[in-house]
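In what follows, chains are A, B, ... by sequence order, proteins preceding strands, each numbered from 1.
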2 protein chains.
Amino acid sequence: MKLYWRKEKVYHWVKQCLATTGKGPFMQNPKIRNMEEFAKASGISRPTVSKYFQDPMSVRRSTRERIETALRTYDYQPNIYAMNQNRRRTNSIGIIVPNLADPFFTEIGRVVELACIDAGYSPIVRSSHGKPAQETANLEALKALKPAGILLAPFGRASDRDHVRAFAETVPMVLFDADIEEAGAAFVGTDNVQSIGLMTDYLCRTGEPPCLFEMRTPLNPNANKRRLAYLAGMERHGHEPRIVHAEGSGWSIEEFGLREGRRLLEDGAFPSRTILCSNDRLAIGLLSAAFGLGIKVGHGSDCELRIAGHDDHPFSRFTCPSLTTIAQDYGAIAELAVQQIAQVIETESMPCEREISLFDGKLVMRESA
Amino acid sequence: MKLYWRKEKVYHWVKQCLATTGKGPFMQNPKIRNMEEFAKASGISRPTVSKYFQDPMSVRRSTRERIETALRTYDYQPNIYAMNQNRRRTNSIGIIVPNLADPFFTEIGRVVELACIDAGYSPIVRSSHGKPAQETANLEALKALKPAGILLAPFGRASDRDHVRAFAETVPMVLFDADIEEAGAAFVGTDNVQSIGLMTDYLCRTGEPPCLFEMRTPLNPNANKRRLAYLAGMERHGHEPRIVHAEGSGWSIEEFGLREGRRLLEDGAFPSRTILCSNDRLAIGLLSAAFGLGIKVGHGSDCELRIAGHDDHPFSRFTCPSLTTIAQDYGAIAELAVQQIAQVIETESMPCEREISLFDGKLVMRESA
DNA sequence: ACGAAAACTTTGCGCGCGGAAATAATATTT
DNA sequence: AAATATTATTTCCGCGCGCAAAGTTTTCGT
């Protein structure tokens, strides 16, 4: 691997440091070192300034304006470490998702993060990088930051469930996306029974009843719920349910969908020409396999195969053909999860009953089914 | 939107809290409140314990073992806020990427994060969510955390360049992926001249010389370098360069590739049947457009169009057909970026000269070209 | 076994803020 | 205008740790 080194202009860090002391590029006024000095400069007592920074609306309007005027002049911000050391509780909420490399979790993580900010908290997002052990490590690392609460999207089956349950006794916690029974104050997610039921209905009404394509050993507990929902849906329509498994373990879901899909298609092993995939990533791989084998996928009369997914993956709009799928209501899930953790934090008490809230998924009809 | 509420078992937060005081689920020993108490419990003086936590190898082996034995018994961890308040510098490195929703940045962000951990720092990853203003906000927010250094993948053209430059005078900073001239101590990235040159060579040798498909107003400065590299490459081969622009602004790159690609394909507006896309996301959209129009893409003799990308997007393996592209050396970039920021941090001085390090891209031959 | 070097202990200050209590000033009500 | 309620000030302590200096013990080399 070739490596180029180019040199540019010369300048010195230490010099710059000295030069910016006192009069830096950001301010034209004498440096404020702490709240004491800022209070003096703004003509307000330190405890009142402290009060302002905890909640600007807790001080009188005239006081607030004087502080904010000084703030514009002096560019002071309280030392976050001193604050967090002394406050009853920090203002931060930990957000843990199984794998930020999965666009589904990137998206829901982002929405949850924004919901936290809207609610006045400081979100700290951590990815478990696909490794259940990292989930435990993330919880422990977060403990050191003494967050006011934790929003956890757990692996589920692969999580250290007892650790999560015990941890939830220590810090307010709300689960989302995937549930662990009796862990934390609440769970918020999508109603897989409804969403898969909806998709099953749609597929049964518009053509051959679907078979289900899923991982043999799914990491996610939602996969199990989806299977049950598929079975129920097929029974409701009086059709024989048929399940096809993809082998493989890990997070290369598309890879498994491609490899196993190709094998199964070549062998004619799919018992139906309509395939409902347990999630979009699997469907993306399967679409790729079908394309490679020259199999025309779609809902048209000239098509040999129908493929549907679940989750409305960011790329499902650009697959070939575009993927018919179920869209989860990220926004509603995030908002309610934050609302519930906020309630636990602010009342300093768990709700009397652990609440499970499930939102409906929406059918997104595209080309593939 | 329907919403289900289910109720589960009843238990009380406050009770649990009281119950875990003293003897919780995590420890069987009396609670340690601070380093003083832990020092007493381990039979070592507090300053030595403090020294241990700053660098375990800085104390004698026997001392280390006594502390670690106590550590296993008492489950103590130093207050991170008190530490960060009093240490000369924190142990954290801020990592800012333009958009974690873009799998390219998710991936490089993850690799940089891991490289930081390997180097003994605590990474803090922030996404600018596709908004240049958020980049500035992230820098300011990070300032409050007093990081030892910052690794910034800037927007580039859209960044507040002067703010970044001024900021880099305040905190050690190394740029990666995209450069801003004379900002920070160093830049590490991919050599677009080499990588696009490589791709241009490949395409010219194996068929019709490519035209370039790019955004009219690219957010990323790398796009400009790639255009220049394309022009140089075509000139080298004695071919007339031809550039086709996609309209649109924002981060829905695939969407623009699909929409504009469809329009251009329908109009027969591409001046070559080989199309080099400025990046994979654009290529993904264009592939989708070609598929929709029934245009066969690939390097085979029966194909009407060849399409190539750049970046080896996680999904480029699963497009239809799979995408021929350039893979960047994430690992090398991340490692060197961390190494350089570590040097600035540890020597407390900028290198005499701003270093620009560029790694080669690798050609990934797949089906599309 | 001796001296020097290294590691540890003791002591004490300081960081920048939160929080509490008593007091003083200002707003609002009647 | 006086009485009350609200808000701000003054004063003080505490949080949990880093850091430094001086003194003591342990380790290591010869």
(request) Give me the first and last nucleotide of DNA chain C, going 5' to 3', that has any atom under 4.0 Å from a heavy atom of chain B. (result) C:dA7 to C:dG16
(message) Tell me if a side-chain donor or acceptor on A:S127 pairs with a main-chain N or O of A:H129 at a distance below 3.5 Å.
(response) yes
Check whether any side-chain nitrogen or oxygen of [X] sits under 4.0 Å from OP1 or OP2 of [N], and answer yes or no.
X: B:Q54; N: D:dC17; value: no
X: B:Y52; N: D:dC17; value: no
X: A:S45; N: D:dA8; value: no
X: B:R89; N: D:dG18; value: no

(request) Taking salt bridge (Lys or Arg N to Asp or Glu O under 4.0 Å) as the test, write out the residues that go with A:R87, two or more places apart. (result) none
Could you check how far [atom1] of [X] sits from [atom2] of [N], rounded to whole Å?
X: B:R87; N: D:dG16; atom1: CZ; atom2: C1'; answer: 14 Å
X: A:N84; N: D:dC17; atom1: CG; atom2: P; answer: 15 Å
X: B:Q77; N: D:dC17; atom1: CD; atom2: P; answer: 10 Å
X: B:I80; N: D:dG18; atom1: CD1; atom2: P; answer: 11 Å
X: B:Y81; N: D:dG16; atom1: OH; atom2: P; answer: 14 Å

Taking only distance into account, with no hydrogens and no angle test, what donor-acceptor pairs under 3.5 Å do side-chain atoms of residues 79-86 of chain B form with protein atoms, sequence neighbours excluded?
residue	atom	partner	partner atom	Å
B:N79	OD1	B:Y81	N	2.7
B:N79	OD1	B:A82	N	2.9
B:Y81	OH	A:L145	O	2.6
B:N84	ND2	B:I80	O	3.4
B:N86	ND2	B:A82	O	2.9

(message) Check B:E140 with B:K143, please: is the shortest side-chain N to carboxylate O separation under 4.0 Å?
(response) yes
(message) Looking at B:K40 and B:E37, is there a salt bridge between them, counting it only when a charged N and a carboxylate O are closer than 4.0 Å?
(response)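 So B:E37 does not pair with B:K40 through a salt bridge.
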Considering only nitrogen or oxygen atoms on both sides, find all protein atoms under 3.5 Å from nucleotides 27-30 of chain D and state each distance.
none

(message) Need one value for B:F38: base, sugar-phosphate or nothing, where a base atom within 4.0 Å counts as base even if backbone is also close, heavy atoms only.
(response) nothing
(message) So B:T48, base contact, sugar-phosphate only, or nothing? Heavy-atom distance under 4.0 Å.
(response)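 Result for B:T48 = base.
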(message) Enumerate the salt bridge (Lys or Arg N to Asp or Glu O under 4.0 Å) contacts for residues 330-339 of chain B, please, sequence neighbours excluded, ordered by first and then second residue.
(response)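 Sorted pair list comes back empty.
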(request) To the nearest 0.5 Å, tell me how far A:L100 CG sits from A:T106 OG1. (result)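 A:L100 CG to A:T106 OG1: 5.5 Å, rounded to 0.5 Å.
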(request) First locate atom CZ of B:F38, then atom CG of B:L71, and finally report the distance between them rounded to the nearest 0.5 Å. (result)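 Answer rounded to 0.5 Å: 4.5 Å.
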Once side-chain hydrogen bond (donor to acceptor under 3.5 Å, both in side chains) is applied, do any residues pair with [X], and if so which ones, sequence neighbours excluded?
X: A:Q343; answer: none
X: B:R61; answer: B:E65
X: A:E36; answer: none

(message) Going by side-chain hydrogen bond (donor to acceptor under 3.5 Å, both in side chains), name the pairs with one or both residues in residues 116-126 of chain A, residues two or more places apart or in two chains.
(response)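 side-chain hydrogen bond (donor to acceptor under 3.5 Å, both in side chains) check on residues 116-126 of chain A returns A:Y121-A:E346.
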(request) Provide the full list of ring-ring contact (aromatic ring centres under 6.0 Å, His included) pairs with a residue in residues 51-73 of chain B, sequence neighbours left out, each pair given once. (result) B:F53-B:Y76
(message) As a check on the pairing definition, encode DNA chain D in dot-bracket form, counting Watson-Crick and G-U wobble pairs whose two distances are under 3.5 Å, and using | for partners outside this strand.
(response) ||||||||||||||||||||||||||||||
Protein-nucleotides 11-15 of chain D N/O pairs under 3.5 Å:
residue	atom	partner	partner atom	Å
D:dG14	N2	A:N86	OD1	3.4
D:dC15	O2	A:N86	OD1	2.3

(message) Does B:R89, at its CZ atom, have more than 12 non-hydrogen atoms belonging to other residues, nucleotides or ligands within less than 6.0 Å?
(response) yes
(request) Between B:F53 and A:S58, just flag the one whose closest nucleotide in DNA chain D comes earlier from the 5' side. (result)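 Its nearest nucleotide lies further toward 5', so the answer is A:S58.
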